[in-house]
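Below: the structure, in structure tokens.
Just so we're clear, the structure is a prediction, and the values are computed from it rather than from any experiment. Quick note: numbers below take in every heavy atom, side chains included, and nothing from hydrogens, waters or symmetry partners.
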Amino acid sequence: MAIEAWFMQENGEDQRLPHQKNPPEYVLTEELEKLGVLYWHLDTEKYENDPELQKIRESRGYSYMDMLDLCPEKVENYEQKLKNFYTEHIHADEEIRYCLEGSGYFDIRDKEDRWIRILIKAGDLIVLPAGIYHRFTLDTSNYIKLMRLFVGEPVWTPFNRPQEHHPVRKEYIKNLAENVGVQLEAH
């Protein structure tokens, strides 16, 4: 399976809609990899004892894990939280999310500063590199259950755009220019 991604048509409508252009302009997994985005599709039925997930965690040093249910019934100030997640930002560390149930969207900027919308659904594990401009929203189902993975203690600090002088953003841009390879091949 491949992850679904496309260039966005921004039009001011509900952020939870697909926002595909007409006709859609899809983005291949290989293009996402060139931006540093990694993807795996795993079996959610065995996430607690999945050897493939364990291999990824060990190879990439993901030592911390927690779970997050996002839906109006389980999150206080749900609409405000969703707006916060949808503010364009970077992190000093990778953002690693494994979707166990439901679905949502990660939006990332490409090299030309265009938005690419990435649909994540059950079984999708996605890694966004440190320094990439991104944002997150649920889709119209208003539900997602995520496993969050971190190297060491979790850090959730977002640095809202602009961050062109942030050291991790500079490193990300440098890596894009050099087209640096990844430690573990995703699929």
Side-chain angles (χ1 to χ4, degrees), residues 1-8 14-20 24 26-79 81-82 84-86 91 93-108 115-130 132 134-156 158 181-187:
M1 293 187 73
I3 197 158
E4 295 178 59
W6 54 87
F7 286 106
M8 286 185 70
D14 186 344
Q15 69 194 39
R16 292 169 267 217
L17 296 173
H19 292 279
Q20 287 189 336
Y26 293 101
V27 178
L28 300 174
T29 304
E30 295 78 19
E31 293 304 310
L32 296 175
E33 288 173 356
K34 289 177 184 175
L35 297 172
V37 176
L38 303 180
Y39 168 77
W40 293 265
H41 187 80
L42 304 174
D43 183 354
T44 59
E45 295 297 316
K46 57 181 185 176
Y47 78 89
E48 292 177 338
N49 298 301
D50 185 349
E52 191 171 0
L53 177 59
Q54 191 57 36
K55 176 184 169 190
I56 294 165
R57 288 184 69 177
E58 288 173 6
S59 281
R60 300 191 58 81
Y62 303 149
S63 55
Y64 180 91
M65 177 273 296
D66 69 9
M67 299 290 203
L68 178 64
D69 276 318
L70 286 174
C71 61
E73 300 77 25
K74 294 188 179 184
V75 176
E76 201 172 306
N77 300 318
Y78 174 77
E79 291 295 331
K81 290 258 195 239
L82 214 53
N84 292 346
F85 294 151
Y86 202 61
H91 295 289
D93 299 302
E94 292 179 333
E95 184 159 332
I96 308 102
R97 301 292 183 263
Y98 178 18
C99 181
L100 299 173
E101 296 174 17
S103 50
Y105 300 115
F106 275 100
D107 299 337
I108 63 167
W115 280 117
I116 296 172
R117 175 150 279 192
I118 302 169
L119 171 64
I120 61 164
K121 54 193 177 307
D124 293 339
L125 187 152
I126 188 170
V127 178
L128 302 182
I132 192 170
H134 69 283
R135 60 190 183 190
F136 174 79
T137 189
L138 290 168
D139 60 16
T140 55
S141 70
N142 280 318
Y143 176 72
I144 196 165
K145 180 177 184 175
L146 295 169
M147 175 187 290
R148 302 184 295 187
L149 299 162
F150 297 89
V151 175
E153 289 297 312
V155 178
W156 290 283
V182 296
Q183 297 175 11
L184 178 69
E185 186 174 320
H187 60 276

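- Residues satisfying the side-chain contact (heavy atoms from CB on, under 4.5 Å) test with S103, not counting sequence neighbours, are L119, K121, D139, S141.
- For F150, the ring-ring contact (aromatic ring centres under 6.0 Å, His included) partners are Y64, W156, not counting sequence neighbours.
- Taking all atoms of both residues into account, the shortest heavy-atom contact from T44 to L100 is CG2-O, 3.8 Å.
- A search for salt bridge (charged side-chain N to carboxylate O under 4.0 Å, His left out) contacts involving K74 returns D69, not counting sequence neighbours.
- Within the model, atoms CG of L146 and CE of M67 stand 9.5 Å from one another, a figure rounded to the nearest 0.5 Å.
- The shortest non-hydrogen separation linking P72 to N142 is CD-O, 3.4 Å.
- Considering every non-hydrogen atom in both R60 and V127, the closest pair reads NH2-CG1, 4.2 Å.
- Looking at residues two or more places apart in sequence or on another chain, you find a side chain to side chain donor-acceptor pair (under 3.5 Å) between Y86 and R117, R135.
- Nearest heavy-atom pair, K81 versus E76, reported as atom, atom and distance to 0.1 Å: CG-O, 3.8 Å.
- Applying the side-chain contact (heavy atoms from CB on, under 4.5 Å) rule to D50 yields the partners L42, K46, E52, L53; only residues at least two apart in sequence or on another chain are considered.
- We find the CG-CD1 distance between L125 and I56 to be 5.5 Å, quoted to the nearest 0.5 Å.
- We find the OG-CD distance between S63 and E58 to be 11.5 Å, quoted to the nearest 0.5 Å.
- Taking both residues in full, the closest heavy atoms of D107 and I118 are given as OD1-N, 4.5 Å, listed atom of the first, atom of the second, then distance.
- Listed by chain and number, the residues in a salt bridge (charged side-chain N to carboxylate O under 4.0 Å, His left out) with R16 are D14, E79 (sequence neighbours excluded).
- With sequence neighbours left out, T137 forms a side chain to side chain donor-acceptor pair (under 3.5 Å) with Q15.
- Taking OH from Y105 and CD1 from I120, the interatomic distance works out to 11.0 Å, rounded to the nearest 0.5 Å.
- Surrounding CD of E30 are more than 12 heavy atoms belonging to other residues, nucleotides or ligands, all under 6.0 Å away.
- Shown here are the side-chain contact (heavy atoms from CB on, under 4.5 Å) partners of E95, two or more places apart in sequence or in another chain: H89, H91, R97, F106, L128, H134.
- Annotation: side chain of V37 is not in contact with side chain of I3 (no heavy-atom distance under 4.5 Å).
- Judged as a side-chain contact (heavy atoms from CB on, under 4.5 Å), and not counting sequence neighbours, the contacts of Y26 are W6, Q20, P24.
- Residues E73 and Y143 have side chains not in contact (no heavy-atom distance under 4.5 Å, counting atoms from C-beta outward).
- Listed by chain and residue number, nothing satisfies the side chain to side chain donor-acceptor pair (under 3.5 Å) test with D93 (two or more places apart in sequence, or in another chain).
- Applying the salt bridge (Lys or Arg N to Asp or Glu O under 4.0 Å) test to every pair with at least one member in residues 145-155, sequence neighbours left out, gives these pairs: D66-R148.
- Atom CE of M147 sits about 12.0 Å away from atom CD1 of I96, to the nearest 0.5 Å.
- Every residue two or more places apart in sequence or in another chain that forms a salt bridge (charged side-chain N to carboxylate O under 4.0 Å, His left out) with E31 is listed here: K34.
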Give the C-alpha distance, both sets of side-chain angles, the deciding distance and a yes or no for side chain to side chain contact (heavy atoms under 4.5 Å, CB included) between I116 and M8. CA-CA 6 Å; I116 296 172; M8 286 185 70; over 6 Å; no
